[in-house]
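The structure appears right after this line, and notes come after that.
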Amino acid sequence: MPELPEVETIKNDLAPEVKGCRFVAVAFLCPQMVRRPSPDELHQRLIGQTVQEVTRRGKYLIFRLHSGEALLLHLRMSGSLLLKLSPAEPNSYTRAIFNLGNGLELHFCDRRKLGTIELVRDEAEVTAKLGPEPLDPGLTTEVLSQRLSRRRAPIKAVLCDQAFLAGIGNMYADEALFAARIHPLKPARALSEEEIERLHQAIAEVLEAAIGNRGATISNYSDAHGQPGVHQFFFSVAHRGGEPCPVCGTAIQRIPIRNRGTYFCPNCQNK
DNA sequence: CCCGGAACCTGAAGGC
DNA sequence: TGCCTTCAGGTTCCGG
C-alpha cells in the first residue's frame, strides 16, 4: 500500500522524466476514478498543458501545471503509476493513460479502482484538509504534543488520520509505535512528553529509512519503473504476526484497530 | 470537534 | 474442483 515513502519514491522517479512534458493525449479507462471535474472536462482542460513540477503532499502525487492548475493522483490501496515507452499496451488493471508527448506514457494502474484523479484550479482545494508533513523540520514536538492533547482515540488511529499528520498509513504507524515503544491502543492524549518525543523521532527515522529503501512492497506496490521496494525486509513488526520481536523475542501480536490489522510487541510496547 | 463504523472496490486466501 | 466467505486498508460519509 503506497504511503508517504512509496509516493515519495514515485515522485522522485517521475520528476526528472516528466518535468516540462506536455499532456498530448489522455484516456480514462475507468471514468469513476476521475473525481473532479467530469472526465470530459478534465480531459479538455488538461490537454496541451505542460508540467512545471512534480511534487508530493501526504499521499497525493501532484503535477503542478503552467496554468497554475494542479493534477492530483491518489493511489489508495492498490494503485501504481508506471512510466512506459509509447506506445505501450494497457494491461487489465490500467485505468488511465497520460501520453506525455516525449515518447513516454504514464499508466495509472489500480486493481481495485479505489485510486483517484482530480484536476483543480488550486491544489489547496485538496491539500488544505491535510495535517502537517511528518518530515517537515517546522513540525516541533511541542506542536505534536499540543495536537495529541485533543485526541482520545487510540494513538494508532490518530497516526493514520491524514488530518493529523499527512502520509502515515497502517504499516508505518505500526513501525513508528514499535520504535517509540508505545502501545497502539494507548489514548493519544495519555502519551507522556517523553513518549511524544520518542514518537516524533521514531516517525522521522522510520519514514526516512523507508524512503532510503524505496518503500515497502507488501502486496503489489511498485515504483514508476515497476520495481518493488525493499523496506519490507526491514520491518520490525508490520505484517510479522507470530514472528519473534527483534528486540525481546516475544511473539508479535496482531489485533484489529478501526478494522485495520495492527502489529505490535506486547512486551516492548506498554500501554 | 471528536469518535467509530460502514461503504467503496476486487483479487487472494481459506473453509468446507 | 468449486463455491462461498473473509480479508486487505486509504479515504469519505454518516450517525452518535
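Chain letters run A, B, ... following the sequence lines, proteins first and then strands; every chain starts at 1.
- Taking atom CD1 of residue A:I155 and atom P of nucleotide B:dC3, one finds them 11 Å apart after rounding to whole Å.
- Of the candidates B:dC3, B:dT10, C:dT11, B:dC3 carries the atom nearest the A:R151 side chain, counting heavy atoms from C-beta on.
- Atom CZ of A:R57 and atom P of C:dT11 are 12 Å apart (whole Å).
- As judged by a 4.0 angstrom heavy-atom cut-off over every strand, A:P154 is placed among residues touching the sugar-phosphate backbone only.
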Inset, instruction - Could you walk me through whether A:F63 and A:L106 pass side-chain contact (heavy atoms from CB on, under 4.5 Å), step by step? - result: CA-CA 12 Å; A:F63 297 79; A:L106 202 52; 3.6 Å; yes
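- For A:R240 and A:Y263, the positive end is not near the middle of the six-membered ring at less than 6.0 Å and at most 45° from its axis.
- Taking atom P in both C:dG9 and B:dG14, one finds a spacing of 15 Å when rounded to whole Å.
- Here A:K59 reaches the OP1 or OP2 of C:dT11: one of its side-chain N or O atoms lies under 4.0 Å away.
- The listed nucleotides are B:dG11, B:dG4, C:dG9; the one nearest the side chain of A:Y93 is B:dG11.
- One interatomic measurement links the two molecules: CD1 of A:I218 to P of B:dA13, which rounds to 14 Å at whole-angstrom precision.
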Inset, instruction - Mind running side chain to side chain donor-acceptor pair (under 3.5 Å) on A:T141 and A:E197 for me, showing each step along the way? - result: CA-CA 6 Å; A:T141 303; A:E197 270 176 40; 5.9 Å; no
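- Contact annotation: A:H239 side-chain N/O to C:dC7 OP1/OP2 distance is not under 4.0 Å.
- Phosphate proximity of C:dT12 to A:Q162: absent, as no side-chain N or O sits under 4.0 Å from OP1 or OP2.
- Look at A:R258 and you'll find a side-chain N or O under 4.0 angstrom from OP1 or OP2 of B:dG4.
- Going from atom CG of A:D110 over to atom C1' of B:dC8 covers 12 Å, rounded to whole Å.
- When the P atom is compared between C:dC14 and B:dC9, the two are found 15 Å apart, to the nearest whole Å.
- Between A:H74 and C:dG10, a side-chain N or O to OP1/OP2 separation shorter than 4.0 Å is absent.
- Ionic pairing of A:E69 and A:R45 is present here: one or more N-O contacts between side-chain nitrogen and carboxylate oxygen are shorter than 4.0 angstrom.
- Checking B:dC3, C:dG10, B:dC9 against every side-chain atom of A:R152, the shortest atom distance belongs to B:dC3.
- A salt bridge does not link A:E118 with A:R35: every distance from a Lys NZ or Arg NE/NH1/NH2 to an Asp or Glu carboxylate oxygen is 4.0 Å or more.
- The phosphate of C:dT11 (OP1 or OP2) has no side-chain N or O of A:K129 nearer than 4.0 angstrom.
- The distance from atom CG of A:L4 to atom C1' of C:dG9 is 17 Å, rounded to the nearest whole Å.
- For the OP1/OP2 pair of B:dC9 and a distance below 4.0 Å, the side-chain nitrogens and oxygens of A:R76 include no atom meeting the criterion.
- Atom CG of A:N91 and atom C1' of B:dT10 are 15 Å apart (whole Å).
- Taking atom CZ of A:F108 as the reference point, atom P of B:dC9 lies 15 Å away to the nearest angstrom.
- In this structure, A:R111 atom CZ and B:dC9 atom C1' are separated by 9 Å, rounded to whole Å.
- A distance of 12.5 Å separates SG of A:C265 from CD of A:E243, quoted to the nearest 0.5 Å.
- Closest to the A:R112 side chain, of the nucleotides B:dT10, B:dC3, C:dG10, is B:dT10.
- For B:dG5, the OP1/OP2 oxygens have no side-chain nitrogen or oxygen of A:N259 closer than 4.0 Å.
- Proximity note for A:E3 (side chain, C-beta onward) versus B:dT10, C:dG9, C:dG10: the nearest is C:dG10.
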